Undergrad: 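Below is one structure. I have some questions about it.
Remember, predicted model here, so these are calculated numbers, not experimental data. Sequence lines set the chain letters: A, B, ... in the order given, protein chains first and strands last, and positions in each chain run from 1. When reading the values below, keep in mind they use all heavy atoms of this one structure, side chains included, and skip hydrogens, waters and symmetry mates.
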Amino acid sequence: MPELPEVEVVRSGLAPAVTSARISAVDVLDERALTRHPLGAADFVARLEGRAVRAAVRRGKFLWLPLEGDDDALIAHLGMSGQMLLRESDAVRERHERIRLHIEHPQHGRLAVAFADQRTFGSLAVDALVATEGAAGGFGSDLAQVPSQVAHIARDALDPAFDERAFIAAVRRRSSAIKRILLDQTLISGIGNIYADEALWAARIHPESHGAALSAQAVRRLLSEVRLVLEKALAEGGTSFDAQYVNVNGQAGYFARSIEVYGRGGKPCSRCGSLIKRVAFTNRSSHFCPVCQRKR
DNA sequence: GGAATAACCTGGATGC
DNA sequence: TGCATCCAGGTTATTC
């Protein structure tokens with residue numbers, strides 16, 4: 001599933017192809033891919049055609065392409081199965097392709113950016129850019145701006161401007177489970193079910209431990225493990241369990257080979273040999289080692 | 001305001 | 001072989 005490392009791989013793959021490119025045409029093949037753009041397909045197309053792209057920027061799991069004029073941006077959220085694929089301008093349609101952008105780049109010529117999404121939880125939109133506090137709004141641009149739909153999303157753990165002290169304090173004020181806190185994108189962004197389980201295992205913290213039950217030192221250690229897991233996944237091209245996550249060229253990542261607990265219910269923990277447990281957790285699953293990760 | 005939960009959605013896997 | 005059911009999970013609206 002696309003979490004921070006997967007979205008960053010997509011962003012870094014798109015950036016050289018779309019920066020300074022002009023959008024010549026837009027094909028909306030399925031309006032369900034525009035749930036974030038309430039004004040509909042015709043408005044979406046009108047706001048994009050003829051515009052030049054400034055950069056490719058990411059905060060957490062949100063990706064956006066600021067448009068010339070610096071007033072608005074094309075935003076993308078990949079949901080659970082969204083893909084942004086770079087193709088030749090006349091390439092055949094992808095399976096589950098919902099939107100295609102035709103672009104013309106000064107150096108690379110005519111290309112297509114295909115947004116494909118099997119489960120249709122992902123969406124594109126054109127959204128106004130708003131000022132954000134101090135530092136750059138996201139990775140990939142120096143501008144202190146974010147799309148209005150991203151304004152409530154916290155900075156991610158790899159963002160140099162991430163406020164570690166504020167995060168630790170916020171965690172220790174909360175009575176809910178630490179895993180739920182890690183998945184709260186308004187506190188820390190970019191973490192999904194896979195990396196939450198992996199970071200908690202690495203930090204030896206039970207996913208159902210309450211935030212208020214953790215020491216500042218424990219939260220700091222968890223944050224450190226979050227960063228290590230995200231950086232390692234990024235270095236390995238992200239996690240691909242199936243065909244749902246690929247980079248802009250359609251290639252899978254390798255981090256699935258480094259997974260310690262996620263999806264390994266019933267298999268031995270690599271640290272202590274105990275069997276990894278899988279339990280239901282708010283409409284999804286949590287995986288943890290019952291010996292290494294004691295509940296506090 | 002914090003916390004919990006349901007709904008959205010498709011296709012692969014599984015069971016009968 | 002065909003059909004029904006379960007499961008995966010990020011975000012947001014709703015409810016308490």
Undergrad: How is A:Thr35 classified with respect to the nucleic acid when contacts are heavy atoms under 4.0 Å: base, sugar-phosphate, or nothing?
TA: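 Nothing, no nucleic acid heavy atom in range.
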Undergrad: Taking CG from A:Asp184 and C1' from B:dG1, how many angstroms apart are they, rounded to a whole number?
TA: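 Checked: the CG to C1' distance equals 12 Å.
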Undergrad: Tell me whether the side-chain N/O atoms of A:Gln185 come closer than 4.0 Å to OP1 or OP2 in C:dT11.
TA: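 For A:Gln185, the contact criterion (side-chain N or O under 4.0 Å from OP1 or OP2 of C:dT11) is met.
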Undergrad: Between A:Arg36 and B:dC8, is there a contact of a side-chain N or O with OP1 or OP2 at under 4.0 Å?
TA: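 A:Arg36 to B:dC8 OP1/OP2: no side-chain N or O under 4.0 Å.
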Undergrad: Looking only at side-chain N and O atoms, does A:Ser285 come under 4.0 Å of OP1 or OP2 in C:dA8?
TA: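 Checking A:Ser285 against C:dA8: at least one side-chain N or O falls below 4.0 Å of OP1 or OP2.
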Undergrad: Quick one: is A:His77 getting a side-chain N or O under 4.0 Å of the C:dG10 phosphate, OP1 or OP2?
TA: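 False: A:His77 side-chain N/O out of range (4.0 Å or more) of C:dG10 OP1/OP2.
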Undergrad: Can you work out whether A:Arg95 or A:Arg173 has the more 5'-proximal nearest nucleotide on DNA chain B?
TA: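 Nearer the 5' end of the strand: A:Arg173.
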Undergrad: From CZ of A:Arg284 over to P of C:dT12, roughly how many Å is that when rounded to an integer?
TA: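 Whole-Å distance recorded here is 13 Å.
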Undergrad: Looking at A:Trp201, I'd like to know if the NZ or CZ of A:Arg264 sits under 6.0 Å from its six-membered ring centre while staying within 45 degrees of the ring's axis.
TA: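 Negative - A:Arg264 is either too far from the ring of A:Trp201 or too far off its axis.
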Undergrad: Looking at the base of B:dG11, is there any donor atom on it, or on the side chain of A:Arg119, that sits under 3.5 Å from an acceptor on the other one?
TA: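 Such a pair does not exist between side chain and base.
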Undergrad: Nearest-Å distance, CG (A:Leu63) to P (C:dT11)?
TA: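 Taking atom P of C:dT11 as the reference, CG of A:Leu63 is at 13 Å.
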Undergrad: Going by number, which of residues 186-193 of chain A have a non-hydrogen atom under 4.0 Å from DNA chain C?
TA: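 Result for residues 186-193 of chain A: A:Gly192, A:Asn193, sorted by number.
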Undergrad: In this structure, how many angstroms lie between the C1' atom of C:dT12 and the CZ atom of A:Arg32, rounded?
TA: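 Value for this atom pair: 18 Å.
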Undergrad: Rounded to the nearest Å, what distance is computed from the CZ atom of residue A:Phe281 to the P atom of nucleotide B:dT5?
TA: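 Going from CZ in A:Phe281 over to P in B:dT5 covers 10 Å.
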Undergrad: B:dC9 P sits how many Å from A:Asp117 CG, rounded?
TA: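 To the nearest whole Å, that distance equals 12 Å.
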Undergrad: Could you tell me whether the side chains of A:Glu225 and A:Tyr195 share a donor-acceptor contact shorter than 3.5 Å?
TA: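 No donor-acceptor contact under 3.5 Å links the two side chains.
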Undergrad: Please report how far the helix from B:dG2-C:dC16 to B:dC16-C:dG2 bends, comparing the axis fitted to its first five pairs with the axis fitted to its last five, to the nearest 10 degrees.
TA: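 So the angle between the two local helix axes works out to 50°.
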Undergrad: Are OP1 or OP2 of B:dA3 and a side-chain N or O of A:Ser175 less than 4.0 angstrom apart?
TA: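 For B:dA3, OP1/OP2 do have a side-chain N/O of A:Ser175 under 4.0 Å.
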Undergrad: Please tell me which of the listed nucleotides, C:dG10, C:dA8, B:dG12, lies nearest to the side chain of A:Lys61?
TA: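 Nearest listed nucleotide: C:dG10.
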Undergrad: If you check every side-chain atom of A:Gln118, which of C:dA8, B:dT10, B:dA4 has the closest atom?
TA: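 When the side chain of A:Gln118 is considered, B:dT10 is the closest of C:dA8, B:dT10, B:dA4.
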Undergrad: So which of A:Trp64, A:Phe115, A:Phe62 actually passes ring pair (Phe, Tyr, Trp, His ring centres under 6.0 Å) with A:His77?
TA: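 Testing A:His77 for a ring pair (Phe, Tyr, Trp, His ring centres under 6.0 Å) against A:Trp64, A:Phe115, A:Phe62 leaves exactly one candidate, A:Phe62.
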Undergrad: Output the distance between atom CG (A:Leu67) and atom CD1 (A:Ile23), rounded to the nearest 0.5 Å.
TA: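 With rounding to 0.5 Å, CG (A:Leu67) is 5.5 Å from CD1 (A:Ile23).
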Undergrad: Separation of A:Leu4 atom CG from C:dT11 atom P, in whole Å?
TA: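 In whole Å, C:dT11 P and A:Leu4 CG are 11 Å from each other.
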Undergrad: Can you tell me if the side-chain N/O atoms of A:His96 get under 4.0 Å from OP1 or OP2 in B:dG11?
TA: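 Yes, such a contact exists.
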Undergrad: Can A:Asp27 and A:His102 be said to form a side-chain hydrogen bond (donor to acceptor under 3.5 Å, both in side chains), step by step?
TA: CA-CA 8 Å; A:Asp27 302 332; A:His102 300 273; 2.7 Å; yes
Undergrad: Over how many whole Å does the gap from A:His210 atom NE2 to B:dA4 atom P extend?
TA: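 Nearest whole value for this atom pair: 7 Å.
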Undergrad: Could you report the tightest heavy-atom contact between A:Arg47 and A:Leu39, atom names first, then the distance?
TA: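 Between these two residues, the closest heavy atoms are NH2-CD1, 3.5 Å.
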Undergrad: Are A:Val53 and A:Leu86 connected into the same hydrophobic cluster when the rule is that any two of I, L, V, M, F, W, Y join if their side-chain heavy atoms are below 4.5 Å apart?
TA: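 Hydrophobic grouping puts A:Leu86 with A:Val53.
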Undergrad: So, are A:Glu68 and A:Arg22 salt-bridged, with charged N and O less than 4.0 Å apart?
TA: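 Looking at A:Arg22 together with A:Glu68, the answer is yes, because their closest N to O distance falls below 4.0 Å.
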Undergrad: Mind checking if A:Arg174 touches a base, just sugar-phosphate, or nothing, with heavy atoms under 4.0 Å?
TA: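 Since only primed, P, OP1 and OP2 atoms lie under 4.0 Å of A:Arg174, the category is sugar-phosphate.
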Undergrad: Any idea which heavy atoms bring A:Val146 and A:Gly137 closest together, and the distance?
TA: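 In this case the closest contact between A:Val146 and A:Gly137 is CG1-O, 3.5 Å.
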Undergrad: Between the side chains of A:Lys179 and A:Ser286, does any donor sit under 3.5 Å from an acceptor?
TA: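 Indeed, the side chains of A:Lys179 and A:Ser286 share at least one donor-acceptor pair under 3.5 Å.
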